[in-house]
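The structure appears below as structure tokens.
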Amino acid sequence: MAETMEVEVEAAATAEREATNSVICQLADPEGNPLGAALYLPENASPKELNQVVNKLLSNEEKLPYAFYISDEELVVQLGSYLEKNKVSVEKVLTIVYQPQAVFRIRPVTRCSATIAGHTEAVLSVAFSPDGRQLASGSGDTTVRLWDLNTQTPLFTCQGHRNWVLSVAWSPDGKHLVSGSKAGELICWDLQTGKPLGNPLTGHKKWITGISWEPVHLSAPCRRFVSASKDGDARIWDVTTRKCLICLTGHTLAITCVKWGGDGVIYTGSQDCTIKVWETTQGKLIRELKGHGHWVNSLALSTEYVLRSGAFDHTNKHFASPEEMKKEALERYNKMRGNAPERLVSGSDDFTMFLWEPAVSKHPKTRMTGHQQLVNHVYFSPDGQWIASASFDKSVKLWNGTTGKFVAAFRGHVGPVYQISWSADSRLLLSGSKDSTLKVWDIRTKKLKQDLPGHADEVFAVDWSPDGEKVASGGKDRLLKLWMG
């Protein structure tokens, strides 16, 4: 009897000790939606245990990896250690945000695997195809070059432009490549021969500032793309008939950037300080997003990575038909988007950024301040969790992709940062600068992971292949460089 009594007393004491050493936590998704009720978790719970809890609560048949965040800081230790270090009260409910992680891991690029000469003027744009197997570059020498990534040699030098090639864009089904020049002309290229498909597409009166394709989950095979120009218009073209279908007019100054969103609308950002949202059957203006005090330089969508890569993922799938590709792309898009609306971020000459949910409201969700100079390029991570911004203030900044809250500043460049690109697993960020270097930043540690010198002059263009294997960069030194892990 006494013995049972003793056991019970001990059990009660243990229970009491455990109760005092536990934390009341609320698990939530990145949008802030709670997962189940708040629960008591022991202070010695680490991300490993939290992973088990989330997989169980979500009834995942296949166990998925998650990362956990408390006020935008990743939890990499036991709960207790975190609370102690950050002096957090255990009296309040602690919100822990869970974020699905890429199942695969991308190796950081560490070395230059090839330096390819060929262009006779600065390399102004580089873009990998959606499956990551081909690379196109556009240059001040008026040519587009297609590169064979297996042999790291040129496949074709595509001639036809009469002026600098400012942008190159692959269709998300990988079947088409279009380039735009300083003369305002667009050329569709035959990927088998490197020759233009018909005459240049004319209509724009000034240079092309951006090209974006209609997502493959909305239409397969890909046929329509939109071009934006310094002349203030955006034009929707059909690559098959090579005709301009619709001209989107309404901006009073140059359009600087254009994105074709996953919901089927087109976003244009302009020097008139506005962002316009267009529907694409008649080209009607749906919405105007106002707030910036100066030119809008860059737009990015939370779904951009899946829009760009369409049906292709890191597993090198092959598709029997456009229908199959469309179906796979739609699944990837829906999974990425979840139940939340597509988000848009804009970066401006006014040193600020705005986060929008254009389908929900014409008012910004939040204003993002902190840069000391113009914001040149903005980009969502593939999982939509982060926004990165590149500025002439020589820094790259990291923000929460859902709330727009500032997270970290990456300093190390000694010149303006021109362009950024993400690794497919959202763990690494690449930046290219006027200072002639590329830098790779680690998102978890918020530190420089790799310094990649090698260019002799300003780096204008960088791209990380959608399959995560390679990085390409081009710049004023006329060289195209490929970097590997």
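Values below: all heavy atoms of this structure, side chains included; hydrogens, waters and symmetry mates excluded. Source: prediction; values computed, not measured.
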Among T209, T256, D349, D350, the one residue meeting side-chain hydrogen bond (donor to acceptor under 3.5 Å, both in side chains) with N297
D349
Taking the six-membered ring where the residue is Trp, are the ring centres of F351 and W295 under 6.0 Å apart?
no
With S431 as partner, the option from H413, K439, Q419 fulfilling side-chain hydrogen bond (donor to acceptor under 3.5 Å, both in side chains) is H413
Are Y98 and F68 near enough that their ring centres are under 6.0 Å apart?
no
Determine, for R308 against E304, whether the closest basic-nitrogen to carboxylate-oxygen distance falls under 4.0 angstrom.
no
Is the distance between the ring centroids of H377 and Y418 less than 6.0 Å?
no
Apply the ring-ring contact (aromatic ring centres under 6.0 Å, His included) test between W386 and each candidate in Y379, F406, Y69, F410; give the one that qualifies.
Y69
Verify whether one side chain among W207 and S229 offers a donor that lies under 3.5 Å from an acceptor in the other.
no
What class does the angle between the rings of F312 and F319 fall in, given that below 30° is parallel, 30 to 60° is tilted and above 60° is perpendicular?
perpendicular
Is the distance between the ring centroids of H363 and W356 less than 6.0 Å?
no
Salt bridge between D442 and R444, side-chain N to carboxylate O under 4.0 Å?
no
Go through it in stages, so that I can follow the logic: the residues are D231 and K206, the test is salt bridge (charged side-chain N to carboxylate O under 4.0 Å, His left out), and I'd like the CA-CA distance, side-chain angles, deciding distance and then a yes or no.
CA-CA 5 Å; D231 65 14; K206 289 187 178 169; over 6 Å; no
Between T402 and V97, is the side-chain contact (heavy atoms from CB on, under 4.5 Å) condition met? List the steps.
CA-CA 12 Å; T402 310; V97 173; over 6 Å; no
